[in-house]
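Scope of the values below: all heavy atoms of this structure, side chains included, with no hydrogens, waters or symmetry mates.
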Amino acid sequence: MVLFDFVLDRSTDGDCHGNSPRCLMASYRRRAAAFVLVAVFLTTFEFLFVTLDNVEIPKLLLKPRLFRRVETRKYNTDKPPQLKQVSPPNDMTTTTPHEYQEFVPLTNITTTKPHQLKHTKPLNSSTNSPPQLKQVSQSNNTKPCELKHVTCPPKTKTVVLNGDRLYHKGDDLTVRVVARDEGGRPKTYGGDFFRARLVSTDRLPLASSAGHVTDHSNGTYTMQFPLYWTGNISIKIQLVHPSEAVAVLQRVRETPNKRVFNCSFVDLTTNATQTRQCYSSIDASMTPRQLCDLSKRDVNVTWICEKPDKLPCSTISMCHYASTTSRVKTLGLLSQRELFQEPYIEEELKVETKEPIRVLETELAIPQHLPACTWDKSAAQGYWSGKVWQSSVCDVRVFSKNDIRQCLANKTVYMYGDSTIRQWYLRLKKVLPLFNDNRTMDSTVLLGGDNSQWNISVRYRFHHFPIQTRGWVDFRQLRYIADELDAIHGGPNTVIFLGLWAHFTADPLEMIQSRLYAIRGAVHRLKQRSPGTRVFVRTGTTREHSGVRLEYYLLGSDCLAYQITEVIREMFRADPDVVVLDTWDMSVCQPGKDSVHPDQTMVDNQLNILFSHICPNKTAS
């Protein structure tokens with residue numbers, strides 16, 4: 001630019017003035033020189049531009065306006081840009097507790113149930129926050145396995161034993177699974193977590209059932225499928241988690257206080273308020289003088305809060321789940337995030353069969369009538385026929401609205417647990433129906449209603465903390481289930497439903513074991529003073545995981561929920577004072593989508609099992 005100014009500067013013409021021929025010639029020379037210089041500059045710039053097109057230049061040294069053409073050449077504009085996945089907001093609030101799941105693998109178990117868990121050696125490294133995940137289904141474009149010595153779904157061998165024989169209704173079909181790693185090498189230890197089911201392919205209504213998995217602890221698994229119906233069938237086996245991921249889940253679960261709760265302390269006289277963090281286990285890093293110990297030893301519950309500066313511990317008021325803080329602490333415990341990405345999570349296995357399997361009608365006589373459902377006859381085993389659960393063990397009836405009213409007539413029903421039990425209450429409220437009456441309602445219950453025509457009273461109460469909800473919950477209005485059972489008079493017309501599991505999957509397994517142990521003691525005391533009282537305990541179910549964030553797997557995987565189901569079975573299976581309503585199998589193969597809050601079909605069939613135990617005879621009183 002300085003050169004341009006020099007060329008065009010009239011001061012270089014000396015004493016040239018006006019439009020004399022000499023001045024005009026000087027002007028023409030200046031203009032000609034200017035055009036020559038512009039041409040030289042443009043040529044030089046084009047040479048530099050083309051040369052720099054293939055040279056790495058720090059972006060801060062380039063002006064986007066000048067080098068936009070370089071970016072156009074480097075990217076394919078026919079494909080849309082990849083967008084960053086956005087997490088849901090963390091400031092969502094709710095007025096009632098919502099369900100959340102957690103998980104934990106059990107150690108060295110061999111079982112014949114639909115899922116098998118085994119504890120393996122924990123991994124000890126940690127990582128930063130991983131990206132969000134999506135549920136992976138089987139496809140032809142499955143991502144290849146890259147982790148060494150980890151169960152690889154495409155390489156794992158699945159074979160139907162005696163697949164060429166004739167199968168009849170009532171037989172068992174057996175599948176053997178040999179876990180293999182990325183190199184096709186058989187694994188020598190177990191612990192993989194599978195989901196197995198059968199589905200019909202040529203009948204209406206559609207049918208489905210759960211398979212029972214046995215872990216032989218040597219890398220091989222046997223899956224048994226009872227054949228409940230005739231026709232062609234398809235075998236569905238899903239690797240939910242390889243054993244290496246189960247070990248990570250186990251380590252994360254057994255780490256206490258990764259979930260944080262915020263609780264407010266309020267002086268009702270001065271309205272002074274302070275908020276402190278609270279935990280479900282003792283914080284060893286703090287001295288007793290720094291803590292508020294709100295535990296209740298006689299019901300095996302620990303609740304510890306940081307002590308407010310100027311308020312007493314007795315002023316605790318409202319609490320809620322600190323999701324952001326808990327997320328950071330949980331993800332900080334993670335090792336090998338690749339274990340929770342494709343193809344190692346919820347991946348369908350290819351089942352090898354020589355030809356399609358068809359189930360024929362049985363050649364043996366099958367009893368036409370099943371026995372009534374009693375405490376020692378669980379309705380857990382069976383299959384879905386369309387939208388109806390058919391038990392293979394006892395007679396599960398389909399109850400109409402009038403049947404339900406007759407079954408519960410003159411009864412008081414108490415329901416304690418999480419929001420999956422609240423679903424039962426809401427369904428009964430609509431079916432019976434139930435109406436709120438302030439003259440008969442206990443002001444401390446969360447939900448309740450009466451039907452004066454049939455003399456039915458139903459009361460529902462959420463269990464005590466931990467409750468994983470972003471909404472604030474009144475700590476003072478909550479009650480422990482064991483205490484509630486001790487306060488019930490009971491009798492032949494008293495029915496009690498218990499269901500707590502979904503908010504405990506993130507905590508060490510000892511927590512739910514201890515709380516259930518206290519509840520079982522309270523049940524025994526209740527039955528001693530009121531022998532006719534009927535008590536039911538429900539197990540957990542599968543839940544949704546598609547499209548959720550990684551911490552939802554770490555705190556709520558199905559294998560963690562299944563471990564709690566195993567604890568419930570073991571604690572109450574042989575107890576004549578309690579009926580276990582085992583709903584795990586029916587959720588594994590349910591016709592609807594997996595959800596911690598299942599659809600109405602699932603809820604209605606769960607209630608059918610319940611009512612079949614309460615009122616096994618068709619003429620209910």
Side-chain angles (χ1 to χ4, degrees), residues 170 209-210 226 228 365-417 421 423-425 427-428 431-432 434 451 453-458 488 490-499 523-524 526-527 530-539 541 568-569 572-587 600-621:
S209 64
Y228 294 116
I366 298 180
Q368 296 297 316
H369 301 286
L370 293 173
C373 295
T374 57
W375 75 269
D376 59 341
K377 290 183 173 60
S378 171
Q381 296 182 11
Y383 68 101
W384 287 96
S385 178
K387 294 186 176 182
V388 177
W389 177 255
Q390 303 282 354
S391 172
S392 62
V393 179
C394 64
D395 183 20
V396 174
R397 297 166 47 202
V398 176
F399 281 70
S400 65
K401 291 183 179 180
N402 195 57
D403 291 335
I404 296 173
R405 293 165 187 151
Q406 292 185 31
C407 181
L408 297 182
N410 302 313
K411 291 182 174 59
T412 299
V413 179
Y414 295 97
M415 311 175 79
Y416 301 104
I421 292 295
Q423 280 189 285
W424 287 14
Y425 166 80
R427 186 64 178 149
L428 291 181
V431 169
L432 292 175
L434 298 173
N451 184 304
Q453 179 181 355
W454 293 90
N455 192 25
I456 301 172
S457 294
V458 182
I488 293 176
N493 289 325
T494 301
V495 182
I496 299 172
F497 310 149
L498 307 176
V523 170
H524 291 167
L526 172 60
K527 295 284 283 188
S530 304
T533 308
R534 303 182 189 186
V535 181
F536 300 86
V537 177
R538 214 203 79 183
T539 68
T541 63
I568 294 172
R569 289 170 177 167
F572 295 104
R573 178 181 291 152
D575 194 331
D577 290 338
V578 178
V579 176
V580 177
L581 300 178
D582 197 329
T583 56
W584 186 266
D585 277 21
M586 63 190 302
S587 72
Q600 183 175 316
T601 296
M602 183 74 167
V603 172
D604 285 347
N605 281 272
Q606 290 174 342
L607 290 173
N608 283 337
I609 295 175
L610 172 67
F611 298 139
S612 295
H613 281 275
I614 299 175
C615 305
N617 301 318
K618 294 187 181 299
T619 55
S621 59

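The two residues Ser385 and Gln390 come nearest to each other via the heavy atoms CB-CG, 4.0 Å. Shown here for Leu526 and Ile488, the closest heavy-atom pair between the two residues is CD1-O, 3.5 Å. The shortest non-hydrogen separation linking Asn402 to Gln406 is ND2-NE2, 2.8 Å. The two atoms that bring Ser392 and Leu370 nearest to each other are O-CD2, 3.9 Å, heavy atoms only. Closest non-hydrogen pair, Thr539 versus Asp582, comes out as OG1-OD1, 3.4 Å. Taking both residues in full, the closest heavy atoms of Ser378 and Ser391 are given as O-OG, 4.5 Å, listed atom of the first, atom of the second, then distance.
Screening Ile456, Val495, Thr494 for a side chain to side chain contact (heavy atoms under 4.5 Å, CB included) involving Lys411 leaves a single residue, Val495.
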- Query: side-chain contact (heavy atoms from CB on, under 4.5 Å) between Ile496 and Thr533: does it pass, once the steps are laid out?
  - Reply: CA-CA 8 Å; Ile496 299 172; Thr533 308; 3.9 Å; yes
- Query: Between Val603 and Trp424, does a side-chain contact (heavy atoms from CB on, under 4.5 Å) hold up when you go through it step by step?
  - Reply: CA-CA 7 Å; Val603 172; Trp424 287 14; 4.0 Å; yes
- Item | Chi angles and distances behind the side-chain contact (heavy atoms from CB on, under 4.5 Å) call for Val579, Arg534 | CA-CA 8 Å; Val579 176; Arg534 303 182 189 186; over 6 Å; no
- Query: Which is it for Phe399 and Leu607 under the side-chain contact (heavy atoms from CB on, under 4.5 Å) test, yes or no, and what are the steps along the way?
  - Reply: CA-CA 9 Å; Phe399 281 70; Leu607 290 173; over 6 Å; no
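One finds the CG atom of Leu408 at 6.5 Å from the SG atom of Cys615 (value rounded to the nearest 0.5 Å). Atom CG of Leu428 sits about 5.5 Å away from atom CE of Met415, to the nearest 0.5 Å. The NE2 atom of His613 sits 11.5 Å away from atom SG of Cys407, with the distance rounded to the nearest 0.5 Å. Note: Phe611 CZ to Cys373 SG = 13.5 Å, rounded to the nearest 0.5 Å. Distance CG/Leu432 to CZ/Arg405: 7.0 Å, rounded to 0.5 Å. One distance of note links CD1 of Ile421 with CG of Leu498; it measures 8.0 Å at 0.5 Å rounding.
Partners of Tyr383 by ring pair (Phe, Tyr, Trp, His ring centres under 6.0 Å), not counting sequence neighbours, listed by chain and number: Tyr228, Trp229. For Asp575, the side-chain hydrogen bond (donor to acceptor under 3.5 Å, both in side chains) partners two or more places apart in sequence, or in a different chain, are His524. Scored by the side chain to side chain contact (heavy atoms under 4.5 Å, CB included) test, Thr412 finds Tyr414, Ser457 as partners (sequence neighbours excluded). By the side chain to side chain contact (heavy atoms under 4.5 Å, CB included) test, Lys377 is found to be paired with Pro371, Thr374, Val393, Cys394, residues two or more places apart in sequence or in another chain being considered. Taking the salt bridge (Lys or Arg N to Asp or Glu O under 4.0 Å) definition, one finds that Asp604 meets it with Arg427, sequence neighbours left out. With sequence neighbours left out, Asn493 forms a side-chain hydrogen bond (donor to acceptor under 3.5 Å, both in side chains) with no residue at all.
Inter-residue side-chain proximity for Met602 and Trp384 is flagged as met; some heavy-atom pair is nearer than 4.5 Å. No side-chain heavy atom of Trp375 sits under 4.5 Å from any side-chain heavy atom of Asp577. Proximity of Trp389 to Asn608: side-chain heavy atoms (C-beta onward) are nowhere separated by under 4.5 Å. Side-chain contact between Gln606 and Leu581 is absent, with no heavy-atom pair separated by less than 4.5 Å.
For the pair Asn605 (side chain) and Lys387 (backbone), a donor-acceptor distance under 3.5 Å is present.
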